[in-house]
Protein chains: 2
Amino acid sequence: MKITILKDQLNESISHVSKAISSRTTIPILTGIKIDAHANGVTLTASDTDISIQSFTPNQIGNDMIIEVFKPGSVVLPSKFFVEIIRKLPAQKIEIEVKDRFQTIIRSGSSEIQIMGLDPEEYPLLPQIEESKKITIPSNLLKDLIKQTTFAVSTNESTPILTGVLWHINENRLKFIACDRHRLATREITIESDSLQNFHNTVISGRTLNELHKILPDQNNLIDIVISDNQVLFKIHSILFYTRILDGTYPDTSKLIPESFQTDLVVPTKELADAIDRAYLLSREDKTNIVKMIMHEDESLEISSSSSELGKVTEQIKLKHIAGELLRISFNSKYMLDALKVMDSDHIRIGFTGAMHPIIIKPEEDTSILQLILPYRTTN
Amino acid sequence: MKITILKDQLNESISHVSKAISSRTTIPILTGIKIDAHANGVTLTASDTDISIQSFTPNQIGNDMIIEVFKPGSVVLPSKFFVEIIRKLPAQKIEIEVKDRFQTIIRSGSSEIQIMGLDPEEYPLLPQIEESKKITIPSNLLKDLIKQTTFAVSTNESTPILTGVLWHINENRLKFIACDRHRLATREITIESDSLQNFHNTVISGRTLNELHKILPDQNNLIDIVISDNQVLFKIHSILFYTRILDGTYPDTSKLIPESFQTDLVVPTKELADAIDRAYLLSREDKTNIVKMIMHEDESLEISSSSSELGKVTEQIKLKHIAGELLRISFNSKYMLDALKVMDSDHIRIGFTGAMHPIIIKPEEDTSILQLILPYRTTN
C-alpha cells in the first residue's frame, strides 16, 4: 500500500472511527485502526466488538484532490500513537507507505515516522447486513430521541437488557423506552408505516446510542437505519456505524403508567428545575438526593431538602394550575433534574396517583414525551 | 450579622479566596470561608495554612451600591456548599443573616437556605506583617517570572526546599530559580536597588506561586510584595494573598552552569519544539521520554526517538548557526518541551560542554532567561 492523503481529511475520518476504539479491549488487533486504500479512496475501520465504525474518504471532493493511491492495500496501525502523531504532523500532505511485514512509513514535511503495523487479515470482518429491512429518520430527530431517553438506562450490568433503549413499534409509531427500575423515559414519533412492516422491537445499548449521538449531524439529513437479526447499521453520509442488538426480552413497562391521576399540576419548567437544583445541592451532600415536594392551598409548591449536618433549602414556586388532592411526596432530585433537562416546553404537567405511586412528567401540551419517576418512601 | 450583597460581586470575591481552600485539610474550621461584615464592606477569608487569601468588597463601587450592612458581625460557612449555592441563587440581591449559634439564613428571590455556621473566633488569625520590607513588581512581569520557572520545581516532598522557587537577590537584580535535580529554570529582572536593601533570599512553594499566577491580573498594575521573617504578603487590588516562606537553605546552583561551551547552536524555537513533541509522543509510549539529538556536518539537526514495540520517529531541522564539536546527546523530551514552551523568542541558543554535561537553553539574544537540562547517559 502507498498513498498520499491530506491531513485535515485524514484527521476528520480518524475522529469518526476513533469513537469505536476501546482502551480496555482484550483483542490486540482491535487496539488498532484498519486502513484500506482502494482505487477510489481510503476507508478507516475501528471496532470494540459492540460498536464498529467505518469512514470512507474519496480521492476527490469537488475539485479538490484529497488522496492519491499509488498502490492499493491495507494495514492495521496502533490507534493511540497513530491518532496523536497524525494530528501533529508538520505538513498538510501525508504519505503512508506499507513495506515488508506491515512496517509502515509515514512522511510529512521533514518528519519520518516508522510504525510497526499489524496484519489486516487478522482484523474481524464487519457484519453483512441485508438492506431489505430499513427505516429512515431525520438526524436531528434521532438525536432528540436519544437525548430524551438514553440518560435513564440502567448502569447495572446484572440486568444487561436494561442497559439498552427499547425501540418499540406500534402501527406507524416508533417509541424509544429506557428504564432502570427507578425511572422511565419515553419519546414517541410517527414514521411512514410501510417502512415499519418488517421491523421488530429492538434493544440497543445506551452507551452505543450516546456514541452515535456524537457522530450524528445536527441537521435534518435523513439517516438510513438497516436492521438484521442481531445487528443494526446506521448510514451517516460516508460513515457506517454498526452495533449489535442486545439479547433478551425487554420488560413490559406499559402497566407502570397510570391511566388517570389524583393530582395534576402545571409548573414553569425552568423555575422548577432551578429550585430542585438548589435543593439537590444540599441533598447530594447527605448522599441521599432526597427532595420533598409539598403542595399548598394557595396554588404554590414548596420544594425542600435538609441535611442534619449542613442545614436546609426551601423554595417556593407559583403553580400555573393545580387540580386534585394536595400531596407531600419525596423523590430522587437527580432523577427529576435529568427528566426536566430534556423537556423543551416552557411548562410541564406532573401527574400523581398518591405519595407512593409513580410521578409522571410530560410537556404541558405534548404527549410524545413521558418521564416517570418512582417516589421515595419517607416518614413524613 | 445581617447584610445584603449583590450576587456577582459576592461570587467574584468567593472565586478569589476559594483558591486557598483545601479539600484535604484536617482542621475543620479551614473547610469554611470566613465572612466579616463591617461598617465599610465585607471581607472573605480562606486558608489552607500554606496560603491564606483575603478579599474585600466595599459597600459601594462608583455609584453602585453593592452591600448594605444592617448589623456587623462574622461567621464561618462550609465552603463547598456555600460556593455552589451562591452561584445558583435566583436573584441578584442576596440577604445573609446570622442568628443564634451561628445558624445562617440566606435569602434570594423565593429561595431560603439555612446553613449551620461555625464560630469565627475559632478561625486562625492571619499573620501580622510589618510593612517595612517591601518590593514592587508589575503584575504581568511577576506572572512571566512565575511561568518561566515554576514548572521546574521538584514534586518530590522528601526535599521540601526544592518544591519552592528561590527569589535570589544580587545588587539590583532579582532572579527566580527552580530546580529539581534534573533541570533548572531561571529568570532574572532588574528592579530599583533601594527597594532590595532589606530583602533576603526567600523560597516560596511552587504550588503557591501557581495559585498566585491565577489571581494576578495580566496588566502591568504594580503589585506590592511585603516580606517578613517567615511570611510573604502579595497585595493585589482588594486581595491580600499570604504565604509562608519555606524553611531551609536552597542549594547553590550557580556552579552547575558552565562558563563556556564546546558546541553552540541557534535553532528556530517552534520548529524544534514541534519536532521534539512528535518524538516525545513515541518516547512516552515506552515511558522513558528519551529523545536523541544528532548534529550533522551540513548544519542540520536530527531529532529521533524509538520504541522497540511501536517504531521510530525521525525529524530533520535546519540550524541557523552551529559552532564547535558535532555531538550526539540524549535527554528527557518532556523537560526540553517544558523549557521551550516558556521561550518567547523566535530562535533559541543551545550550549553544550559534551554529551554528559548540562544542556543550556537561552533565547538567541536575551540572557535574562536560562534553562538547564541534564542529559541522559545512553549507550550510543
Side-chain angles (χ1 to χ4, degrees), chain A residues 28 31-32 77-91 102-118 270-271 273-286 300-318, chain B residues 28 31-32 77-91 102-118 270-271 273-286 300-318:
Chain A
T31 60
L77 297 179
S79 61
K80 182 159 177 281
F81 179 59
F82 177 67
V83 168
E84 286 179 322
I85 199 77
I86 294 293
R87 207 179 303 136
K88 292 194 165 172
L89 286 178
F102 307 105
Q103 171 132 303
T104 302
I105 314 288
I106 299 175
R107 291 186 194 88
S108 168
S110 56
S111 297
E112 184 180 289
I113 325 285
Q114 282 178 39
I115 308 184
M116 314 286 185
L118 297 166
K270 188 173 175 337
E271 243 179 86
D274 288 350
I276 292 179
D277 194 17
R278 289 187 286 269
Y280 160 69
L281 272 186
L282 188 72
S283 68
R284 192 182 58 178
E285 294 296 309
D286 260 11
S300 78
L301 195 62
E302 184 181 309
I303 303 286
S304 67
S305 67
S306 58
S307 144
S308 50
E309 279 195 13
L310 270 175
K312 190 171 179 187
V313 172
T314 315
E315 301 279 339
Q316 306 293 337
I317 296 169
K318 195 81 200 123
Chain B
T31 61
L77 297 179
S79 61
K80 181 160 177 282
F81 178 61
F82 177 67
V83 169
E84 286 178 322
I85 199 76
I86 295 294
R87 208 179 300 136
K88 293 194 165 172
L89 286 178
F102 308 105
Q103 171 132 303
T104 303
I105 314 288
I106 300 175
R107 292 186 193 88
S108 168
S110 56
S111 297
E112 185 180 291
I113 325 285
Q114 282 177 39
I115 308 183
M116 313 285 183
L118 298 167
K270 187 173 176 338
E271 244 180 87
D274 289 350
I276 292 179
D277 194 17
R278 289 186 287 269
Y280 160 68
L281 273 185
L282 188 73
S283 68
R284 191 183 57 178
E285 294 296 309
D286 261 12
S300 78
L301 196 61
E302 184 182 309
I303 304 286
S304 67
S305 67
S306 58
S307 144
S308 49
E309 279 194 15
L310 270 174
K312 191 172 177 184
V313 171
T314 315
E315 302 278 340
Q316 306 293 338
I317 295 168
K318 195 84 200 116

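Below, chains carry the letters A, B, ... as their sequence lines are ordered, and counting in each starts from 1.
- At a 4.5 Å heavy-atom cutoff, the contact between L89(B) and chain A is made by backbone and side-chain atoms alike.
- Nearest heavy atoms, M116(B) versus E309(A): CG-O, 3.2 Å.
- Ion pairing of E112(A) with R278(B) is absent here, as no side-chain N (NZ or NE/NH1/NH2) approaches a carboxylate O to less than 4.0 Å.
- Of the two parts of S108(B), neither the backbone nor the side chain holds a non-hydrogen atom closer than 4.5 Å to a non-hydrogen atom of chain A.
- Contact tally against chain A (heavy-atom pairs below 4.5 Å) for K318(B), Q103(B), K312(B), Q316(B): the top residue is K312(B).
- With chain B as partner, the option from A279(A), S111(A), G311(A), G109(A) having the largest number of non-hydrogen pairs under 4.5 angstrom is S111(A).
- Contact count against chain A (heavy-atom pairs under 4.5 Å) is highest for L282(B) among L77(B), L282(B), T104(B), I115(B).
- When heavy atoms are compared at a cutoff of 4.5 Å, E271(B) does not approach chain A at all.
- Neither the backbone nor the side chain of S305(A) has a heavy atom closer than 4.5 Å to any heavy atom of chain B.
- Only the side chain of P78(A) comes within contact range of chain B, judged by heavy atoms closer than 4.5 Å.
- Proximity to chain B (any heavy atom under 4.5 Å) is shown, for I303(A), by neither the backbone nor the side chain.
- Only the side chain of E285(B) comes within contact range of chain A, with heavy atoms under 4.5 Å apart.
- In summary, D274(B) and K88(A) do not engage in a salt bridge, as defined by a charged side-chain N under 4.0 Å from a carboxylate O.
- Taking I113(A), I317(A), L310(A) one by one and counting their heavy-atom pairs under 4.5 Å with chain B, the maximum is reached by L310(A).
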